[in-house]
Amino acid sequence: MNHGQQAIASVYRSYIREIRRLPHAYLRRVFRLMAEDGCRAALLTKCDDRRAGKLKRTIQQVRAANNGSHQAFNRILDLAYGRVGRLRWELMEPLLSDPNAPLPPPIIPGKESSRPPVYSQELTALLTSGLSRRKRPLVPDDLSFPPILPERADPNSSDARILGPFSKRREVNARWKYFGQEWKKVLPPLQISVSPPREVREEGSDLGTSTAVRKIGFDGTTVLEELIQLTTKPENRSGAFLPRRWLRRRYQELLGRLPILTFTSACEDMKIKKPGGFSVSLASNALKTRNQGRPSPCATDDDVAWNQKHPVSR
């Protein structure tokens, strides 16, 4: 074993020691896999010093989380549940296309590469909900006509009649640019839940549901249910000894960043008829805060003096 391999082995042992201190089993399992993948990649590449440095930074983050750092613990929760990192892409990737939707016609006739992006039903629900967005939610008109397009892109507009038609190639590029920048602001769900309508409970009432709902992410597992349970009675069977109330608060904040995407099947009754579709919600005990992890700057002496001179009337 050469010097580089010895260094990676030492980093791996330190990583495992910190992983054992994590407060519950899912975190320990996820970061154990991350440690194995990271160390294996470091051993197989020539830039082992660079890989080792990245591993050391992750170890420092896990150690800070075990020592009670609010920001570091939120970061490892985001990594483990796909709010950031590679897992986030793996959760979002199936929602960026719809294999059952017909292909839109190309904007430039005869150019297959000029087809506009397709917004799947799941992605549309996530983009138009404020519970699954890092920014303000979109409106359906933004998807059909992105706001970054000028009015001239509408052939029936006055700008198009006066200035002439907008470039089709620029329109294609603008639509794909808008699609890419907006889906990256979405917080992906862990799975897609199915909610049959209350009015219909007979056998065979949800026919077609299995074809309408795709299996993504953690479907078929109890990861989401276990997380919700941790917000009521968080387990801590490791050596970190973090306060239960503190842990419960962190899990509640995580649920505020974890939208629940639910498919409701169509309801056809004698009195009422409701179409099926997707909706976005949060768990009942989720803690939703704005600008989470971005504390306000501390007031300076000038700020305090100004506030004393100009008191706010209530």
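Basis for what follows: all heavy atoms, side chains included, without hydrogens, waters or symmetry-related copies. Here the structure is a predicted model, which means the values were calculated and not measured.
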Cut-off 3.5 Å, side chains only: do [X] and [Y] have a donor facing an acceptor?
X: R13; Y: S10; value: no
X: E18; Y: N66; value: yes
X: N67; Y: R21; value: yes

So if you build clusters from Ile, Leu, Val, Met, Phe, Trp, Tyr with side-chain heavy-atom gaps below 4.5 Å, do [X] and [Y] land together?
X: L95; Y: V194; answer: yes
X: V30; Y: L247; answer: yes
X: W183; Y: L138; answer: yes
X: L187; Y: L261; answer: no

For [X], is the [atom1] atom crowded, meaning more than 12 foreign heavy atoms sit under 6.0 Å from it?
X: Q61; atom1: CD; value: yes
X: R133; atom1: CZ; value: yes
X: R136; atom1: CZ; value: no

field: Candidate list L22, I59, I16, test side chain to side chain contact (heavy atoms under 4.5 Å, CB included), partner F31, passing option
entry: L22
message: Given P106, which partner from the list P116, S113, S114 fulfils the side chain to side chain contact (heavy atoms under 4.5 Å, CB included) test?
response: S114
Could you state the interatomic distance from [atom1] ([X]) to [atom2] ([Y]), rounded to the nearest 0.5 Å?
X: E226; Y: T221; atom1: CD; atom2: OG1; result: 8.0 Å
X: C39; Y: L55; atom1: SG; atom2: CG; result: 5.0 Å
X: D154; Y: R152; atom1: CG; atom2: CZ; result: 13.0 Å
X: I148; Y: Q181; atom1: CD1; atom2: CD; result: 5.5 Å
X: Y15; Y: K56; atom1: OH; atom2: NZ; result: 14.0 Å
X: L126; Y: K185; atom1: CG; atom2: NZ; result: 15.0 Å

Close side-chain approach of [X] and [Y], heavy atoms under 4.5 Å:
X: R40; Y: L43; value: no
X: L254; Y: N74; value: no
X: P150; Y: F166; value: yes
X: Y119; Y: D98; value: no
X: Y26; Y: V223; value: yes
X: L143; Y: L127; value: yes
X: L96; Y: L123; value: yes
X: R32; Y: E36; value: yes

Of all the heavy-atom pairs spanning [X] and [Y], show the shortest one and how long it is.
X: A35; Y: I19; value: CB-CD1, 3.9 Å
X: T262; Y: S195; value: CG2-CB, 3.5 Å
X: S120; Y: S97; value: CB-O, 3.8 Å
X: D159; Y: E151; value: OD2-CB, 3.6 Å
X: P140; Y: T128; value: N-CG2, 4.3 Å
X: P137; Y: S129; value: CB-C, 3.6 Å

message: Using the rule given for side chain to side chain contact (heavy atoms under 4.5 Å, CB included), can you reason through H70 versus E253, listing the C-alpha separation, both sets of side-chain angles and the distance that settles it, and then say yes or no?
response: CA-CA 11 Å; H70 181 167; E253 290 176 353; 3.1 Å; yes
Distance-only check: which donor-acceptor pairs under 3.5 Å involve side-chain atoms of residues 77-93, not counting sequence neighbours?
residue	atom	partner	partner atom	Å
D78	OD1	R257	NE	3.0
D78	OD1	R257	NH2	2.9
Y81	OH	H24	NE2	3.4
R83	NE	Y81	O	3.1
R83	NH1	P188	O	2.7
R83	NH1	R257	O	3.1
R83	NH2	Y81	O	3.0
R83	NH2	P188	O	2.6
R88	NH2	K184	O	2.6
R88	NH2	V186	O	2.8

message: Under a 4.0 Å threshold between the charged nitrogen and the carboxylate oxygen, would K135 count as salt-bridged to E182?
response: no
Ring centres under 6.0 angstrom apart (W246, F73): yes
field: side chain to side chain contact (heavy atoms under 4.5 Å, CB included) assessment of L224 paired with L258
entry: CA-CA 9 Å; L224 181 59; L258 208 159; 4.1 Å; yes
task: For side chain to side chain contact (heavy atoms under 4.5 Å, CB included), just list the numbers for R214 and E122, CA-CA rounded to whole Å, side-chain angles, deciding distance to a tenth of an Å, and then say yes or no.
output: CA-CA 10 Å; R214 290 183 283 177; E122 300 93 335; 3.1 Å; yes
- request: For the pair T222 (side chain) and E225 (backbone), establish whether a donor and an acceptor sit closer than 3.5 Å, ignoring hydrogens and angles.
  value: no
task: Go through the steps for R249 and R245 under the test side chain to side chain contact (heavy atoms under 4.5 Å, CB included), then give the verdict.
output: CA-CA 6 Å; R249 186 79 169 184; R245 183 178 179 181; 5.9 Å; no
Kindly list each side-chain donor-acceptor pair under 3.5 angstrom involving residues 278-287, sequence neighbours excluded, with atom names and distances?
residue	atom	partner	partner atom	Å
N285	ND2	T231	OG1	2.4

